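Below is one structure, written out as structure tokens, with a few remarks after it.
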Amino acid sequence: MGKSQIQKLKLKEKVGYGFGDFASSMFWKMFSVYLLFFYTDVFGISAAVVGTMFLITRVFDGANDPIMGIIADRTNTKWGKFRPYLLWVAIPFGMVGVLTFTTPDLSMTGKIVYAYVTYSLMMIVYTAINVPYASLLGVMTSDLKDRTSLATYRFIFAFAGSILVLALAEPLVDFFSKTGTDIINPQKGWQLTMIVFSIIAIAFFLGTFYYTKERITPPKEQKTSLKADLKNLATNKPWFILLGAGVCSLIFNSLRDGSAIYYFKYYFENQEAFIIPFVRISITFSTLYLVLGQVANIVGVLMAKIVSDKIGKKNTFFSAMFIATILSCIFFWFKENDLALIFIFQFLISVCAGIIFPLLWSMYADIADFSEWKTGRRATGLIFSSSSMSQKMGWTLGGAVTGWMLAFYGFEANTIQTEEAKTGIRMMLSFMPAIGALLSALFIWFYKLDDPMMLKVNKELTERRDKEI
């Protein structure tokens, strides 16, 4: 076991692992960037109702993450504990995604009920596939640098999936909305676009199942005990700190993503950047802005390992979030004619965001090792469920605040906005995300599992595991 746990992973397996977040991030980006807009401007319900729905459904769904982690930890198949869920849940994941972006012919009350049901189902299947996928990183290898490398591949593919969605979503919606009839039908456009993305996501999840392998297993003498696992988690201070940092970093990203399409539709008088000839598909400034952000995220992901190898994961994380705080505050002062500065700062802030994500997931794997080293028990799924939980909590708060802020500042869909509403939209791209970034930096300041500590933990765990042979 010892040799298999520390062997260097081949490129094919790292790429295969990355496939999973390509699929997951396609949906994540559709939800974080377009879902609020879809509900207000296409589906036809108010921003305040959507904000409240996000809070209620996501808070309820947050409890599903540790439950899924517990279930996955106790799953035993010939494929392992976590890989089977990629096979079992991929198709339901795609089907529910399409239903979420489908507009039924119902009354307003019926639409709200439909939105609650389909969105809740989407969060359940997202949990059922994403918690096991995230946990897989913790059992593929125990090599610290390979884990950071795995996380790097994961997020390169994650941002590639996001780029695909951000580059194609609005053009595809525009294309599908005009097909089959002279009347533009955006409801049809969004539904067909989501069908395309769902098929791609299913294929990539199955690719991850096929190309990866689980190697690390709990200690042989470990007996199943939910009480012991929860007790160990409750006393794991680094886990709480990283959870807080993760939640705040997701609030930072959720606010920026969810506000961007409103920023360019309602703050800019001219939304259209250019038109693709022949097919007559328009490319908007919001599409270019969001795609640029994902490209910058990839640059950040590539920088993460280089920088963290020199100054450590903790220092790299803190520096990135602190710089993002300052840049986000400056962003508020840009006007419509400061287009070059808007895009430059989008790139720089997104580089900072890209840096932290492979570090965050690599640090969750470190916490799983730390917990095993300290207690003699390993609960990878339960610990990694916090990664999904932090995503959803940050996404919940960021999405809810975005909806409520729009309502507070008097936003009304598909009309000319008041100056007060425009100011609120600008704040949701600047000062409010800055608060999330600053809180994330403050959390990580108190994180104690630095690289020297983890080298010691990893060495002692490897020795213990080798003795089990």
Side-chain angles (χ1 to χ4, degrees), residues 1-26 28-29 78-87 90 129-165 167 200-217 294-310 313 316 351 354-366 368-369 380 384 387 451 454-455 458 461-462 465:
M1 183 188 296
K3 291 181 180 179
S4 66
Q5 288 171 352
I6 62 175
Q7 72 177 48
K8 291 291 182 180
L9 298 179
K10 293 181 180 179
L11 176 62
K12 180 175 71 173
E13 191 167 4
K14 293 179 181 180
V15 170
Y17 184 69
F19 282 173
D21 221 359
F22 187 99
S24 183
S25 292
M26 288 174 62
W28 177 267
K29 197 55 64 174
K78 63 181 180 180
W79 301 306
K81 292 179 175 295
F82 307 115
R83 287 175 61 230
Y85 291 96
L86 302 173
L87 177 65
I129 202 166
N130 207 56
V131 168
Y133 169 73
S135 303
L136 189 57
L137 186 148
V139 296
M140 289 173 66
T141 180
S142 62
D143 184 270
L144 294 179
K145 291 189 176 180
D146 244 357
R147 280 180 173 172
T148 301
S149 179
L150 261 183
T152 299
Y153 273 89
R154 171 185 179 176
F155 281 97
I156 288 174
F157 276 92
F159 292 126
S162 297
I163 287 174
L164 178 74
V165 165
I200 297 171
I202 291 168
F204 272 82
F205 271 131
L206 296 179
T208 298
F209 169 79
Y210 182 77
Y211 285 114
T212 57
K213 181 179 180 180
E214 297 185 24
R215 295 179 177 84
I216 299 175
T217 58
Q294 297 306 297
V295 172
N297 284 154
I298 293 178
V299 173
V301 168
L302 295 172
M303 290 175 60
K305 188 176 187 302
I306 298 171
V307 178
S308 64
D309 282 349
K310 292 183 177 180
K313 298 176 186 177
T316 304
V351 167
I355 286 175
I356 69 165
F357 286 112
L359 300 179
L360 191 64
W361 266 256
S362 179
M363 291 157 86
Y364 277 121
D366 291 345
D369 281 351
T380 308
F384 266 89
S387 66
D451 289 16
M454 287 312 304
L455 286 172
N458 183 259
L461 279 179
T462 301
R465 291 164 181 161

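Any value given below was found using the heavy atoms of this structure, including those in side chains, with hydrogens, waters and symmetry copies removed. Quick caveat, the model's predicted, so the values are computed rather than measured.
Using modelled atom types, no side-chain atom of R154 and backbone atom of G18 make a donor-acceptor pair closer than 3.5 Å. Side chain of R83 to main chain of T212: a donor-acceptor pair is present (N/O by atom type, distance under 3.5 Å, no hydrogens or angles). One N or O on the side chain of D146 and one on the backbone of L9 form a donor-acceptor pair closer than 3.5 Å.
A distance below 6.0 Å separates the ring centres of Y133 and Y17.
Once rounded to the nearest 0.5 Å, the distance linking CG of D366 with CG of L455 reads 9.5 Å. If you take CE on M454 and NZ on K313, they are separated by 7.0 Å, rounding to the nearest 0.5 Å.
Side-chain contact between K81 and V139 is absent, with no heavy-atom pair separated by less than 4.5 Å. For the pair V301 and I355, the minimum side-chain heavy-atom distance is 4.5 Å or more. Taking the side chain as every heavy atom from C-beta outward, T141 and L150 approach each other to under 4.5 Å. The shortest side-chain heavy-atom distance between P132 and L136 does not fall under the 4.5 Å cut-off. Within the 4.5 Å cutoff, no side-chain heavy atoms of S362 are placed close to those of L359. At a threshold of 4.5 Å between non-hydrogen side-chain atoms, the residues I129 and L86 count as touching. The closest side-chain heavy-atom distance from F22 to I200 is below 4.5 Å.
Closest of all the heavy-atom pairs between F205 and S24 is CZ-N, 3.8 Å.
Annotation: side-chain hydrogen bond (donor to acceptor under 3.5 Å, both in side chains) contacts of K305 (sequence neighbours excluded): D309. Not counting sequence neighbours, the partners of F19 by the ring pair (Phe, Tyr, Trp, His ring centres under 6.0 Å) test are F157, F204.
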